[in-house]
Protein chains: 2
Amino acid sequence: MSKNAANLAALRINNPPATLREIALDRMRRAIISGLFEPGERLVERTLCDQLGVSRSVIREVIRHLEAEGLVEMLAKQGPIVARLDWNDARQIYDIRAALESRAVADCARLADAQVKTRLKKALDDLDRTSRQNSPPGILDATTEFYRIIFEASGHNIAWDIVSRLNSRISRLRVMTLSTASRTVSGPAQIREIFAFIDKNDPEAAAAACRQHVTAAARIAETLLGPTE
Amino acid sequence: MSKNAANLAALRINNPPATLREIALDRMRRAIISGLFEPGERLVERTLCDQLGVSRSVIREVIRHLEAEGLVEMLAKQGPIVARLDWNDARQIYDIRAALESRAVADCARLADAQVKTRLKKALDDLDRTSRQNSPPGILDATTEFYRIIFEASGHNIAWDIVSRLNSRISRLRVMTLSTASRTVSGPAQIREIFAFIDKNDPEAAAAACRQHVTAAARIAETLLGPTE
DNA sequence: AGTCGTATGTTGGTATACCATACGACAGCG
DNA sequence: CGCTGTCGTATGGTATACCAACATACGACT
């Protein structure tokens, strides 16, 4: 019967909702995260219409969404700009990440079964590979995937939403910190340590390793962004 | 010079930005939080246009914003509905709150000066008053103000954004837990305890009291919402 | 050289139209 | 009587045109 239910569930056709708006949202978000639009740059609605090939309605709704996500700021009577990031904000973001990620990691270490560990191992291997190739975007993807699995396995989906959103706000910073970290020894070593403690189902140690990893990233970010921006 | 800057800042005329959209956003948010629109209820765009007296564009942009805030869900091919909340989500939200609020409280206890303490004391008095009057919305406002001061004083403005957003998602739950808590003894006593430790500038104890307060609220919420909804 | 008006560009806001889809009612058929 | 197919309506998704308010830059005038 359970098998039957699974089959029936597999039957379900789920169209990619893929409304124009969601595509545009995704493109815009990527454009901002990747730095194609620079922080502080004005986002002129009608220009974006041309660039994305959609109407103003769509653009405006997308901007509303990005505004709520914190990627876009509204200047009164001047319209939207790409959100700027100062060290004070970045510092807080790393602090929140340390809190949420370490909790997720701890719960993951409590709950992780063989399947989760296998998936984490695979993400770790990807990280090693991209790290050896010194490919910052690849490192970032692999690291993100590693944490995605952790949050999913620990059932912290809301925290994952928050962390994802925060990460997109410090995306440029992350690319730089990760490539810096990979050049120094620390890079994947810290992630591997987190994995090791999850593998041993040791929540406390895993959480501590995670906190250490995030604060290390924050320290690198601080030298890059500087407390006096 | 710092005084000069403060004076200059005070000079600034800040128009209530009060674009129609922001007014509509505020109204809609309140309507959802207050329960005027029930969870799962469909939000028909053209109906909302009539009810708020604005055009569809405005409504749609507001819905985008609320969607990003997590107050509204989009059903594919069926349009927006008021977000539903199950215990699994609520549990996570309380967990995240415990993490972020306790950190803010600890930092507040580290940094609090006389002025902050005075403001906190005032919020606490408001809480006592509304609590004696057994006015759940008043209690909620006073509690919110208490925490707002804490986050502001500790410089955790990003965490405050997150917590505010999370709180609006569990607003109905909060009203119920707070009124329940006020009926039992625990109500303002726990908040008072947090204040006491901040007053003594004891970060660890304040954070512990805060965690206790949130988990107590979560326990009440659990009995109300039930893990099997 | 400095000041003032104006022209232009941009946003906020609104109305309207069109299309695709989902859903329900209704009619026709077995 | 029940099933099925068709059609109309409600709704969301998208595009477009228009207007008012405002900011900024530029140029003319004093």
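None of the values given here were measured: they were computed from a predicted structure. Residue numbers begin at 1 in each chain, while the letters A, B, ... track the order of the sequences.
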Side-chain atoms of S57(A) come closest, of dA15(D), dA15(C), dG13(D), to dA15(D)
Between the CG atom in L25(A) and the CZ atom in R64(B), the distance rounded to the nearest 0.5 Å is 10.0 Å
In whole angstroms, the gap separating C1' of dT11(D) from NZ of K77(B) amounts to 13 Å
Note: for S55(B) and V44(A) on DNA chain C, the residue whose nearest nucleotide lies more 5' is V44(A)
In whole angstroms, the gap separating C1' of dG13(D) from CD1 of I23(A) amounts to 12 Å
Whole-Å distance, I81(B) CD1 to dA22(C) P, equals 17 Å
Check every strand shown and say whether I63(B) touches a base, only sugar-phosphate, or nothing at a heavy-atom separation below 4.0 Å. nothing
Whether R29(A) and E69(A) form a salt bridge (side-chain N of Lys/Arg under 4.0 Å from carboxylate O of Asp/Glu) is what I want to check.
yes
- Mark yes or no for a side-chain to base donor-acceptor pair under 3.5 Å between R46(B) and dG12(D), with no hydrogen or angle criteria applied. yes
- Query: So does R21(A) reach the base of dG12(D) with its side chain, donor to acceptor, closer than 3.5 Å?
  - Reply: no
Heavy atoms from other residues, nucleotides or ligands near CZ of R110(A) exceed 12 (cutoff 6.0 Å)
yes
Could you check whether any side-chain heavy atom of Y94(B) comes within less than 4.5 Å of a side-chain heavy atom of L173(B), counting everything from C-beta outward? yes
note: E45(B), atom CD; dT14(D), atom P; distance rounded to Å ~ 11 Å
note: R60(A), atom CZ; dA15(C), atom C1'; distance rounded to Å ~ 14 Å
- prompt: Do R56(A) side-chain and dG13(C) base share a donor-acceptor contact under 3.5 Å?
  reply: yes
Whole-Å distance, E61(B) CD to dG13(D) P, equals 14 Å
**Prompt:** Is any N or O donor-acceptor pair between the side chain of R42(B) and the base of dG12(D) shorter than 3.5 Å?
**Reply:** no
**Asked** Contact class for L43(B) (heavy atom, under 4.0 Å): base, sugar-phosphate, or nothing?
**Response** sugar-phosphate
Atom CD1 of I59(B) and atom P of dG12(D) are separated, to the nearest Å, by 11 Å
From the candidates dT24(D), dG12(C), dG13(D), the one with an atom nearest any side-chain atom of M74(A) is dG12(C)
Modelled atom types, side-chain donor and acceptor of Q92(B) and N157(A), under 3.5 Å: yes
To the nearest angstrom, the CG-C1' distance between L20(A) and dC18(C) comes to 15 Å
Nearest-nucleotide check on DNA chain D, Q78(A) vs V58(A); residue mapping nearer the 5' end is V58(A)
